[in-house]
Amino acid sequence: MLVKTFAVSIAMLAAVAATAVRAETPGVSESEIKIGATFPFSGPASPLSNTGKGLIAYVHSINDRGGINGRKINLITYDDAYSPPKAVEQTRKLIESDEVAFLFSPLGTPGIGATIKYVTAKKVPHLFVVSGVTKFANFAEFPLTTTGLPSYNTEGKIYARYIAQTAPDAKIAILYQNDDLGRDFVAAFKETLKGEFDRKVVTSPYEVTEPTIESRVVTLKASGAQAFLIAGTPKFAAQAIKKASEIGWTPLTIVNYVSSSVSSTIVPAGADKAVGVVVATIAKDPNDRKWADDPGIKWYRAHFEKYLPGADIGDSNYLFGTQQGQILEQVLKQCGDDLSRENIVKQARNIKGLVLPTLMPGITVNTGPDNSMAYTQLQLQRWTGSSWEQFGGVLSAEPN
């Protein structure tokens, strides 16, 4: 009888301890967990907000399946209009008023740059932020942050090496967003080309508040460049591709992964005008016939039809948001019933070989004590006029 009573007491203490852990984490109850994010639902980068809509849709699917470990996800999202002051305001609201357990997948380099130190000071997990800025993945400086994109620096190095191999004598023009996003790509070319950079590269920064960058493209053509890197967001990438075609400039053209959506970049630019454009990617294109019988794309099409009816399945931002949702699901599953902020961060940094159905073959999600990025692999592909054609093998983008 004594042994039985002792066992019951231990069980009760464990239950009390578990409840106490949950009670110490804002936004966590027996039935739900509150998670927050900001997206540019309006403003100059609004096409990227479909990542948020993809994430929201996947969270709905999780909740329809009963949630995770008995809890539904209460995902609270706000519009930051791709504006740093607005991002600060909305992030403060999520943490101080909504009292979310953690932030997941906030999108936009300017907004993340404006809020990351505040979030760190508040000791709130800041998981899989949608930016590839290298410094955000610095564990020593930002121990609560993981990133959802390969680093722009390593993506840039892959492009610099590709140009050097394909057109070794080419002069290179770089049109870049004048913030940490664009500057990381320029830095990558400097690190790769070293002493040759000043001789071979001409750059032109633009502000996201500019209505058009067409005059910058004309100027870059006049430099005589035979290779052209566009490092920015879809609206400006589309303008640049279209203008280059209109003025008869046909350099080896590369766009960054953030601007690789067919619907957000290629179609607005003109599918015929984008022929030959190269980009590194992590994901399959659901509209590409080569994936018609792929089990992962079949699953995505069914999911999309149910949870994003009427939306454009060709927009890869929805697909990326779905992948973000699957990473969130994995983190919460690994957390089990320990939803302390410490364990949430620990599990976000302990994802091993996660295969998502819409990722390119050979690309997996891996994080660890020395890697804050979800992805460290990329696949090069070229636009044919109607679809992406992959070439070469999966390239490593290991953190430096």
Side-chain angles (χ1 to χ4, degrees), residues 40 43-45 48 80 82-85 87-88 106-117 120 126 129-142 145 147-164 171-210 213 215-217 219-220 223 225 227-237 239-240 253-260 265 279-280 372-373 375-376 378 397-400:
L48 296 176
D80 67 10
Y82 210 65
S83 160
V88 170
L107 186 150
T109 292
I112 295 166
T115 57
I116 191 168
K117 289 183 179 178
T120 303
H126 195 212
V129 302
V130 186
S131 173
V133 169
T134 307
K135 70 181 182 183
F136 295 162
N138 182 340
F139 176 69
E141 188 175 1
F142 302 118
T145 301
T147 60
L149 291 175
S151 118
Y152 298 144
N153 181 272
T154 47
E155 183 183 354
K157 286 178 179 175
I158 285 173
Y159 297 147
R161 289 195 295 267
Y162 173 68
I163 293 172
K171 187 169 186 178
I172 303 165
I174 302 178
L175 175 69
Y176 69 96
Q177 190 164 295
N178 192 23
D179 58 17
D180 286 329
L181 183 160
R183 288 191 287 268
D184 263 11
F185 278 93
V186 174
F189 272 68
K190 284 183 177 178
E191 290 172 41
T192 304
L193 299 177
K194 298 182 173 60
E196 291 287 285
F197 180 85
D198 289 337
R199 183 179 68 83
K200 298 186 73 170
V201 179
V202 57
T203 65
S204 180
Y206 72 86
E207 305 297 331
V208 295
T209 52
E210 294 180 33
I213 43 76
S215 63
R216 297 184 181 280
V217 176
T219 301
L220 289 172
S223 74
F228 182 28
L229 170 68
I230 306 163
T233 47
K235 169 187 171 182
F236 299 102
Q239 287 181 5
T253 302
I254 298 173
V255 298
N256 57 321
Y257 172 63
V258 168
S259 294
S260 65
T265 300
V279 68
S372 297
M373 296 186 290
Y375 302 101
T376 59
L378 290 161
E398 293 297 337
N400 294 318

[X] side chain near [Y] side chain, heavy-atom distance below 4.5 Å:
X    : Y    : result
I230 : T253 : yes
I158 : L378 : yes
R183 : Y176 : yes
V202 : I172 : no

Would a distance-only check, ignoring hydrogens and angles, find a side-chain to backbone donor-acceptor pair under 3.5 Å from [X] to [Y]?
X    : Y    : answer
T154 : S151 : yes
K171 : S223 : yes
Y257 : L149 : no
R216 : L175 : no
D184 : T134 : yes
D179 : P110 : no
T115 : V88  : no
T120 : I116 : yes
T233 : K235 : no

[X] versus [Y], closest heavy-atom pair with distance:
X    : Y    : answer
P44  : V208 : CB-O, 3.5 Å
N153 : A188 : O-CB, 3.1 Å
L220 : T203 : CD2-C, 4.4 Å
M373 : P150 : SD-C, 4.0 Å
P40  : L48  : CG-CB, 4.4 Å
Y82  : G108 : CE1-CA, 3.6 Å

Rounded distance (nearest 0.5 Å) linking atom [atom1] of [X] with atom [atom2] of [Y]:
X    : Y    : atom1 : atom2 : answer
I174 : I254 : CD1   : CD1   : 9.5 Å
S259 : F236 : OG    : CZ    : 10.0 Å
Y159 : N256 : OH    : CG    : 6.5 Å
T147 : K135 : OG1   : NZ    : 13.5 Å
L107 : S131 : CG    : OG    : 8.5 Å

Under the criterion side-chain hydrogen bond (donor to acceptor under 3.5 Å, both in side chains), I'd like the reasoning laid out for T109 against D180: C-alpha separation, chi angles, the key distance, then a yes or no.
CA-CA 7 Å; T109 292; D180 286 329; over 6 Å; no

When the aromatic ring centroids of F189 and F197 are compared, is their separation below 6.0 Å?
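No - the distance between ring centres of F189 and F197 does not fall below the 6.0 Å cut-off.
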
Less than 6.0 Å separating the ring centroids of F185 and Y152?
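Distance test on ring centres: under 6.0 Å, yes.
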
Can F142 and K117 be said to form a side chain to side chain contact (heavy atoms under 4.5 Å, CB included), step by step?
CA-CA 8 Å; F142 302 118; K117 289 183 179 178; 4.1 Å; yes

Basic-acidic side-chain contact under 4.0 Å: K157, E191:
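Answer for the salt bridge query: yes.
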
Can you confirm whether K190 is buried at NZ, in the sense that more than 12 heavy atoms of other residues, nucleotides or ligands lie under 6.0 Å from that atom?
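It does not: K190 NZ has 12 such atoms or fewer within range.
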
Test side-chain hydrogen bond (donor to acceptor under 3.5 Å, both in side chains) on Y206 and Q177; report intermediate values, then the result.
CA-CA 5 Å; Y206 72 86; Q177 190 164 295; 3.2 Å; yes

